[in-house]
Amino acid sequence: MSEAPVALVTGAAQGIGLGIATGLARAHHRVALLDIDAQAAADAAERLTADGLVARVVRLDVASALEWHAAVATILEQWQRIDVLVNNAGVSPRGTPESTDEAVWDQTLAVNLKGPWLGIKACLPALRASRGTIINVGSTRATRPRRGLFAYGVSKAGLLGLTQQVAIELIDDGVTCNMVAPGWVDTPGERLIQARHGRSDWPQGVRNLTTPEEIAAAVLYLASPGGRRVNGEILYVDSGLHLADDVAMIYGQPDDSRTYRG
Ligand SMILES: NC(=O)c1ccc[n+]([C@@H]2O[C@H](COP(=O)([O-])OP(=O)(O)OC[C@H]3O[C@@H](n4cnc5c(N)ncnc54)[C@H](O)[C@@H]3O)[C@@H](O)[C@H]2O)c1
């Protein structure tokens, strides 16, 4: 490839998305930071370009097909190709089947599940042309449900189904589709959720937090030539949380009364 590959990362203004965008930019990709918060994304892109990396911002609500169409057209106009699509933008409301109201359900499924589908649909001609790759940011909760994460867990389980279905649909096109599943990651979004529950920091005893840089490393692997035989997979980056008893894994003391309320 004569020119640097192009990567699109949604929800790239902060947290895991920014970690992935930074990792891809450092690995010589031209990176488009797509986020509903254009100002935060612009601030992030400015920091990347100040470091000599290639980044630009496109404001996007991932739940809008029209906005996807416009965003992809803008990027293709400037960079002419798309090699990597990272569907990372997500919301994580807490709630049970009873306490979750319809608006929260609709919003969660729109951002976490419909958004990746719309992004794939909009990028597909360009991804086919580059024999590119799609990486969806899921969660350990896609396969290991946890009480109180009803709409979120459903959306991430759906995203795993979408990942596998897209992988099989595109198998003859040389386009791969995988899911990276983070464990618990210290991000601005997670901090807000903790603060909503009156916590200024993580619960005492919490350990094995994953970092955005570690998620970026997994994305880079899947996007690299060495990862291109991996298809339709879920790659957990969660210290084994999906295998372990959550309480034993997360807390030093299994009987810690400050349980994860999320
Ligand atoms: N933080 C964790 O512990 C954790 C664990 C597992 C999975 N994840 C997943 O990782 C992803 C990122 O999580 P995070 O903790 O970095 O989140 P975050 O809340 O810190 O950041 C999310 C970003 O997405 C953007 N965004 C939200 N809605 C959007 C929309 N409709 N269109 C475009 N952008 C939108 C926000 O503006 C923000 O910049 C999510 O999909 C989340 O479910 C996070």
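Start at 1 and go down the list; that is how both ligands and their atoms are numbered.
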[X] atom [atom1], neighbour heavy-atom count above 12 within 6.0 Å:
X    : atom1 : result
L192 : CG    : yes
E46  : CD    : no
R228 : CZ    : yes
W117 : CH2   : no

Report yes if [X] has an N/O atom closer than 3.5 Å to an N/O atom of ligand 1; otherwise report no.
X    : answer
G17  : no
P182 : no
Y152 : yes
L34  : no
V111 : no
S139 : no
A12  : no

Interfacing atoms of ligand 1 (cut-off 4.0 Å, heavy-atom, [X]):
X    : result
G90  : 40 (C), 41 (O)
G189 : 18 (P), 19 (O), 20 (O)
D61  : 30 (C), 31 (N), 32 (N)
W184 : 3 (O)
A89  : 34 (N), 35 (C), 41 (O)
G15  : 16 (O)
E190 : 1 (N), 2 (C), 3 (O)

Quick one: does any side-chain atom of [X] pair with a main-chain N or O of [Y] as donor and acceptor, under 3.5 Å?
X   : Y   : value
T10 : N88 : yes
S99 : G95 : no
D83 : V6  : yes

Legend entry - L60, T10, D238, L33: member with heavy atom nearest to atom 33 (C) of ligand 1: L60

Legend entry - Value rounded to 0.5 Å, distance of CG in N136 from CD1 in I134: 7.0 Å

Inset, instruction - Give, for atom CG of L159 and atom CD of Q164, the distance between the pair rounded to the nearest 0.5 Å. - result: 10.5 Å

Return yes when [X] approaches ligand 1 closer than 4.0 angstrom through a heavy atom, no otherwise.
X    : result
A110 : no
K156 : yes
G183 : yes

Legend entry - Cationic N near anionic O, under 4.0 Å, R94 to E190: yes

Legend entry - Any side-chain heavy-atom pair of V62 and P116 under 4.5 Å: no

